[in-house]
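From a predicted model like this one, the values you see are computed outputs, not experimental measurements. We're numbering straight along the sequence, starting at 1.
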Amino acid sequence: MSIKGKLIIVGGGINTADSLPTHLPREEIINDFFYQNGILKKILEEAKHKENSRIEIITTASQSPKTAAEAYIKAFSLLDAHNVEHLDINTRLDALSPESLKRLDEADVVLFSGGDQLRLTSTIGGTPFQQKLLQKYYHEEFIYAGTSAGAAAASSSMIYQGASSDALLKGSVEMNSGLGLIDSIIVDTHFIQRGRIGRLFQAVTGNPMKIGIGLSEDTGLIISDNNNKMTAIGSGSVILVDGREILDTSLSQIEIGYPISISHIISHVMTRNDVFHFDQNKIIIKDSQYNNQ
């Protein structure tokens, strides 16, 4: 089945005009980090009607939903996008309401905020809202954008718990079902900032048919072309962990709480504008000498 929608998943910490570095002149910072290369700008560039697109901010995962929504609405307005509202879904009853479904049906973009991804999936999962979300993603020029929890929840399999310090002890990483927009990846966020490589190793070792995606803050991927092409965006690094060529692991032999051995797990690093193609299992590094041969 051909998928018409696009995913934009972000590791958290999206730059807005009020959350930028302060060591450079403000005009220069805003121009570079926000207007030219900012992730919100990329979302508008990819959206069906650009700045005129209908955008719904969904803060189900957040403990401060109104504050989170207001920050995004303000940031989008600075980018001349004014058709942006807060779709406040706090309970499963909210996800069942005709008004919520109508607004989702009319949206060109939904942006799921950060917070607790288990709260997000347990509130929306299995509801008509999730079904309409999938339908729009499969059949329309529609964008699902998610940051932090919103990114982690986008795939079929979702990491929702696991301390970084214990991540390579069997059983220390807990997973659940996500929203199911893409099946081929497992996403972890705040990746470099919180040292989460170990827990992504364990998640991929237990699910070696999937590619682990570690997203730094203010860094993301645009997933397009029938979920086959991933393009890096933002200011940091994307770590890919590929378990499909693992030669051996102790995961199934050891007891819970013991450290895991893994042989031949492969990793890649992507930065802005690099592209990964699933069908070719290949990264194209922007402006590299190899790419120009």
Open item on the list: Is a donor from one side chain sitting under 3.5 angstrom from an acceptor on the other, for Ser100 and Asp94?
Closed with: no
Task: Flag side-chain contact, heavy atom, 4.5 Å: Ile143 against Leu111 - done: no
TODO: Return yes if some donor-acceptor pair links the side-chain N/O of Lys170 with the main-chain N/O of Leu251 below 3.5 Å, else return no.
DONE: yes
Open item on the list: Please check if the number of heavy atoms outside Gln280 that lie under 6.0 Å from its CD is greater than 12.
Closed with: yes
Task: Short side-chain donor-acceptor distance under 3.5 Å, Gln117 and Tyr160 - done: no
Open item on the list: Ring centres under 6.0 Å, that's the criterion: do Phe142 and Tyr144 meet it?
Closed with: no
Task: ILVMFWY cluster, Leu118 and Leu133 together (side-chain gap under 4.5 Å) - done: no
Task: Same cluster (ILVMFWY, side-chain, under 4.5 Å), Val204 and Ile213 - done: no
Open item on the list: Nearest 0.5 angstrom please: Tyr72 OH to Ile55 CD1, how far?
Closed with: 12.5 Å
Open item on the list: Strictly distance-based, threshold 3.5 Å: is any side-chain N or O of Gln193 a donor or acceptor partner for the main-chain N or O of Ser216?
Closed with: no
TODO: Treating Ile, Leu, Val, Met, Phe, Trp and Tyr as nodes and any side-chain heavy-atom pair under 4.5 angstrom as an edge, say whether Tyr137 and Phe278 lie in one connected cluster.
DONE: yes
Open item on the list: Between Glu56 (side chain only) and Asp108 (backbone N and O only), is there a donor and an acceptor less than 3.5 Å apart?
Closed with: no
Task: Which atom of Arg54 lies closest to which atom of Val84, heavy atoms considered - done: NH1-N, 4.3 Å
Task: Side-chain heavy-atom pair Ile159, Leu200 within 4.5 angstrom cut-off - done: yes
Task: Heavy-atom pair with the smallest gap, counting every atom of Ser250 and Pro259 - done: OG-O, 4.2 Å
TODO: Nearest 0.5 Å please: distance from the CZ atom of Phe129 over to the CG atom of Leu87.
DONE: 5.0 Å
Task: Heavy-atom side-chain proximity of Met230 to Val275 below 4.5 angstrom - done: no
Task: Student check: side-chain heavy atoms of Thr231 and Phe276 closer than 4.5 Å - done: no
Open item on the list: I need the minimum non-hydrogen distance between Leu101 and Lys132, along with the two atoms involved.
Closed with: O-CD, 3.6 Å
Open item on the list: Check whether Thr60 reaches the backbone of Leu120 with its side chain - one donor and one acceptor, N or O, closer than 3.5 Å.
Closed with: no
- [ ] Keeping the roles fixed (side chain from His264, backbone from Glu245), state whether a donor-acceptor pair exists under 3.5 Å.
- [x] yes
Open item on the list: Walk me through whether Arg194 and Asp188 qualify under salt bridge (Lys or Arg N to Asp or Glu O under 4.0 Å).
Closed with: CA-CA 10 Å; Arg194 300 184 186 178; Asp188 209 349; over 6 Å; no
TODO: Check whether any side-chain N or O of Arg199 sits under 3.5 Å from a backbone N or O of Ser172 as a donor-acceptor pair, and report yes or no.
DONE: no
TODO: Run the numbers on Leu134 and Lys136 for side-chain contact (heavy atoms from CB on, under 4.5 Å), then give the verdict.
DONE: CA-CA 5 Å; Leu134 293 172; Lys136 285 181 69 69; over 6 Å; no
Open item on the list: Could you tell me if the side chain of Lys286 sits less than 4.5 Å from the side chain of Asp274, heavy atoms only?
Closed with: yes
- [ ] Spell out, yes or no, whether Val187 and Val173 are grouped together once hydrophobic residues are joined by side-chain heavy atoms under 4.5 Å, including indirect joins.
- [x] no
Task: side-chain hydrogen bond (donor to acceptor under 3.5 Å, both in side chains) assessment of Ser157 paired with Asn207 - done: CA-CA 9 Å; Ser157 299; Asn207 299 271; 4.8 Å; no
TODO: Check whether any side-chain N or O of Arg244 sits under 3.5 Å from a backbone N or O of Ile266 as a donor-acceptor pair, and report yes or no.
DONE: no
Task: Ion pair check, Lys102 and Glu106, cut-off under 4.0 Å - done: yes
TODO: Find out whether Ile89 and Thr91 are in side-chain contact, i.e. whether some heavy atom of one side chain is under 4.5 Å from a heavy atom of the other.
DONE: no
Task: Nearest non-hydrogen partners of Ala151 and Thr189, listed with the distance - done: CB-CG2, 4.0 Å
Open item on the list: With a sphere of 6.0 Å drawn around CD of Gln63, does it hold more than 12 non-hydrogen atoms of other residues, nucleotides or ligands?
Closed with: no
Task: Evaluation steps, side-chain contact (heavy atoms from CB on, under 4.5 Å), between Met270 and Ile283 - done: CA-CA 8 Å; Met270 299 172 67; Ile283 291 178; 3.8 Å; yes
TODO: Quick one: do Ile3 and Asp225 satisfy side-chain contact (heavy atoms from CB on, under 4.5 Å)? Show the steps, please.
DONE: CA-CA 7 Å; Ile3 298 172; Asp225 292 3; over 6 Å; no
Task: Phe201 side, atom CZ; Ser267 side, atom OG - distance, nearest 0.5 Å - done: 5.5 Å
TODO: Answer yes or no: is there a donor N or O on one side and an acceptor on the other, between the side chain of Glu174 and the main chain of Gln161, under 3.5 Å?
DONE: no
Open item on the list: Could you tell me if the side chain of Leu40 sits less than 4.5 Å from the side chain of Ile14, heavy atoms only?
Closed with: yes
- [ ] Would you confirm whether Thr147, through its side chain, and Gly12, through its main-chain N or O, come within 3.5 Å as a donor-acceptor pair?
- [x] yes
Task: No-hydrogen, no-angle side-chain donor-acceptor test under 3.5 Å, Asp183 and Ser156 - done: yes
TODO: Given salt bridge (Lys or Arg N to Asp or Glu O under 4.0 Å), test Lys4 with Glu140 step by step and report yes or no.
DONE: CA-CA 5 Å; Lys4 293 186 177 181; Glu140 298 181 22; over 6 Å; no
Open item on the list: Taking Lys6 first and then Glu141, would you say they form a salt bridge - that is, a charged N and a carboxylate O separated by under 4.0 Å?
Closed with: no
Task: Residue pair Leu7 / Ala154: nearest heavy atoms and the distance that separates them - done: CD2-CB, 4.4 Å
- [ ] Could you please spell out the steps behind the side-chain contact (heavy atoms from CB on, under 4.5 Å) verdict for Asp242 and Asn281?
- [x] CA-CA 10 Å; Asp242 190 345; Asn281 194 27; 3.5 Å; yes
Open item on the list: Hydrophobic clustering (ILVMFWY, side-chain heavy atoms < 4.5 Å, transitive) - are Met158 and Val241 grouped together?
Closed with: no
Open item on the list: Is any side-chain heavy atom of Lys282 closer than 4.5 Å to one of Ile284?
Closed with: yes
Task: Euclidean distance, Asn273 CG relative to Ile222 CD1, rounded to 0.5 Å - done: 9.0 Å
TODO: Would you check if the side chain of Arg92 reaches a backbone N or O of Gly125 as a donor-acceptor pair within less than 3.5 Å?
DONE: yes
TODO: Report the distance from atom CD1 of Ile73 to atom CG of Leu78, rounding to the nearest 0.5 Å.
DONE: 12.5 Å
Task: Minimum-distance pair of heavy atoms, taken over all atoms of Ile233 and Leu221 - done: CG1-N, 4.1 Å
- [ ] I would like to know whether Glu51 and Lys41 meet salt bridge (Lys or Arg N to Asp or Glu O under 4.0 Å); could you show each step before the answer?
- [x] CA-CA 9 Å; Glu51 289 82 0; Lys41 179 68 170 176; 3.8 Å; yes
TODO: Look up atom OG1 in Thr123 and atom CD1 in Ile58, then write down how far apart they are to the nearest 0.5 Å.
DONE: 11.5 Å
